[in-house]
Amino acid sequence: NERGEIVLDGVTVTKEQLKKCNKIYIVGCGSAYHVGIVGKYIIERMARIPVEVDLASEFRYREPIIDENTLMIIISQSGETADTLAALREGKRCGARIMSIVNVVGSSIANESDDVLYTWAGPEIAVATTKAYSTQLSMIYLIALYISQTMGMLSADLVAEHLEAVKSLPELVDGVIKATEPVMKKLADEFKNIEHAYYLGRNVDYAVAMEASLKLKEVSYVHSEAYAAGELKHGTISLIEPGTLVVALNCCSHIYDKTISNIEEVKSRGAKVLSITTEGNTSIEKCSDYVIYLPAVDELVL
């Protein structure tokens, strides 16, 4: 609004309810689950409320601990995902407040939620749900800001700064696509016959790696896995052979050097490393075969 505050239409949760909130569950399937993992990082960092992320198909069967001070954030493109809807109903039965992020207006999940945020992403026409994923990410970020603002955890200046970062994303994404398209085509041609690919990352980069790996599987039918980079030494490193494609995401500045050490590990075993990092991090070139640079932005909106 005019005062620089975040106003979410369809959200009526009060400051008093948020103050009493002792836990947030984020529940979804597939890409929506990956959005939830990003949400955990940003909500805990901004609002300092414990967050658990669950696959809906697991949540409904594990007897989660829920009471009237629990907030559940339900994420679904269609609003009809069976496991996710069942998880919502389980949460509601136990007294949780339900806030949903959905695309389809009037869907079952939207109708059964206390608060609804529509992504307005348009009809879903592809398996690789890039529109839904991108808009859900934007929504989870706005929810984190809204909760922090409502609880007085962030100053007005910080809220405005984060909002500007969100607003700048479409233009930045368009610029990255145009700038890297020729390189992407060459890389796609080089790796078109691979049988395995691995994605590495830490923190938010790990969440993005999981989604990137899923996208590769969905559109190319290539076996792909995502790993938290620090877990390599616990067995996964044995899968890396000469010529194996490893995509390393390294955009979190506070753990940049940690991820560099993991890249060096896979490189020492002969991996072909494609690193993705922010502009200025040129030291990564020493342990990478290819590097794609992204513009430096607010690290929580990567």
Side-chain angles (χ1 to χ4, degrees), residues 1-28 32-33 35-56 59-60 62-76 79 81 83-120 135-160 162-163 166 300-301:
N1 61 20
E2 297 80 9
R3 292 177 300 196
E5 298 173 332
I6 297 172
V7 178
L8 300 179
D9 294 334
V11 174
T12 58
V13 63
T14 66
K15 181 177 181 179
E16 289 69 30
Q17 288 170 322
L18 289 174
K19 288 278 189 184
K20 292 179 181 178
C21 182
N22 53 27
K23 180 182 286 186
I24 296 174
Y25 285 106
I26 306 179
V27 182
Y33 171 72
V35 170
I37 296 173
V38 176
K40 172 181 173 66
Y41 284 115
I42 61 177
I43 292 173
E44 287 189 339
R45 181 167 166 182
M46 287 185 181
R48 308 308 295 166
I49 299 174
V51 179
E52 286 192 39
V53 189
D54 269 276
L55 291 163
F59 184 88
R60 61 187 292 197
R62 73 171 182 86
E63 299 184 22
I65 301 171
I66 304 170
D67 61 25
E68 66 277 4
N69 294 321
T70 302
L71 173 65
M72 282 183 65
I73 300 176
I74 304 291
I75 307 176
S76 170
T81 313
D83 284 325
T84 310
L85 182 58
L88 180 157
R89 288 170 177 166
E90 173 67 13
K92 202 163 190 177
R93 183 184 66 82
C94 297
R97 185 176 185 88
I98 310 296
M99 180 183 293
S100 64
I101 300 173
V102 296
N103 186 34
V104 180
V105 177
S107 57
S108 298
I109 288 175
N111 290 339
E112 296 187 32
S113 299
D114 299 297
D115 304 299
V116 184
L117 288 166
Y118 288 112
T119 56
W120 303 109
T135 52
Q136 288 166 359
L137 274 180
S138 298
M139 283 298 181
I140 204 76
Y141 191 78
L142 289 176
I143 288 172
L145 284 173
Y146 178 79
I147 293 173
S148 303
Q149 168 191 278
T150 303
M151 296 177 65
M153 300 293 289
L154 292 179
S155 67
D157 288 343
L158 267 178
V159 171
H162 289 310
L163 277 176
V166 175
L300 287 180
V301 301

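Side-chain atoms of S113 do not come within 3.5 Å of backbone N or O of V116 as any donor-acceptor pair. Using a distance-only test at 3.5 Å, with no hydrogens or angles considered, no donor-acceptor pair links the side chain of E112 to the main chain of I109. Proximity of a side-chain donor or acceptor of E44 to a complementary backbone N or O of V51 within less than 3.5 Å is detected. Side chain of T14 to main chain of Q17: a donor-acceptor pair is present (N/O by atom type, distance under 3.5 Å, no hydrogens or angles).
Taking 4.5 Å as the limit, every side-chain heavy atom of K23 sits out of range of all side-chain heavy atoms of I49. Between Q149 and L154, every side-chain heavy-atom pair lies at or beyond the 4.5 Å cut-off. With a 4.5 Å cut-off on side-chain heavy atoms, V7 and Y146 do not count as touching. Taking the side chain as every heavy atom from C-beta outward, Y41 and M46 never approach each other to under 4.5 Å. Side-chain contact between V38 and L137 is present, with heavy atoms from C-beta onward closer than 4.5 Å.
Expressed to the nearest 0.5 Å, how far CE of M99 lies from CD1 of I26 amounts to 10.5 Å. Rounding to the nearest 0.5 Å gives a distance of 14.5 Å between SG of C94 and CZ of R89. Note that the CG atom of N111 and the CG atom of L88 stand 10.5 Å from one another [nearest 0.5 Å]. Taking OH of Y25 as the reference point, atom NZ of K40 lies at 11.0 Å (rounded to 0.5 Å). Note that CD1 of I66 is 15.5 Å distant from CZ of R97, once rounded to the nearest 0.5 Å. Between atom CD1 of residue I143 and atom CG of residue L8 there is a gap of 7.0 Å, rounded to the nearest 0.5 Å.
Looking at every heavy atom in both residues, A47 comes nearest to M153 through O-CE, 3.7 Å. Nearest heavy atom pair, residue I98 against residue G91, reads CD1-C, 4.4 Å. When all heavy atoms of I101 and I73 are compared, the closest pair comes out as CD1-CG2, 4.2 Å. Of all non-hydrogen atoms in I42 and I140, the two that sit nearest each other are CD1-O, 3.8 Å. Nearest approach of N69 to K20, heavy atoms of both residues: CB-O, 3.3 Å. For the pair V27 and A87, the tightest heavy-atom approach, listed with the atom from each and the gap, is CG1-CB, 3.8 Å.
In I65, the CD1 atom is not crowded: 12 or fewer heavy atoms of neighbouring residues, nucleotides or ligands sit closer than 6.0 Å.
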Task: Test side-chain contact (heavy atoms from CB on, under 4.5 Å) applied to Y118 and V104, step by step - done: CA-CA 7 Å; Y118 288 112; V104 180; over 6 Å; no

Q: Check the pair V159, I6 against side-chain contact (heavy atoms from CB on, under 4.5 Å), reporting the backbone distance first and the verdict last.
A: CA-CA 8 Å; V159 171; I6 297 172; 4.0 Å; yes

(request) Before giving the answer on side-chain contact (heavy atoms from CB on, under 4.5 Å), spell out for T119 and V102 the whole-Å C-alpha distance, their side-chain angles and the decisive distance to 0.1 Å. (result) CA-CA 6 Å; T119 56; V102 296; over 6 Å; no

Decide yes or no on salt bridge (charged side-chain N to carboxylate O under 4.0 Å, His left out) for D54 and R62, but give the supporting numbers first. CA-CA 10 Å; D54 269 276; R62 73 171 182 86; 2.8 Å; yes

E52 vs F59, test: side-chain contact (heavy atoms from CB on, under 4.5 Å). Steps then yes/no.
CA-CA 10 Å; E52 286 192 39; F59 184 88; over 6 Å; no

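Inspection of the R45 and S148 side chains reveals no N or O donor paired with an N or O acceptor under 3.5 Å. Side chains of S100 and D115: no donor on one and acceptor on the other come within 3.5 Å.
Salt bridge absent: E16 and K19 never bring a charged side-chain N and a carboxylate O closer than 4.0 Å.
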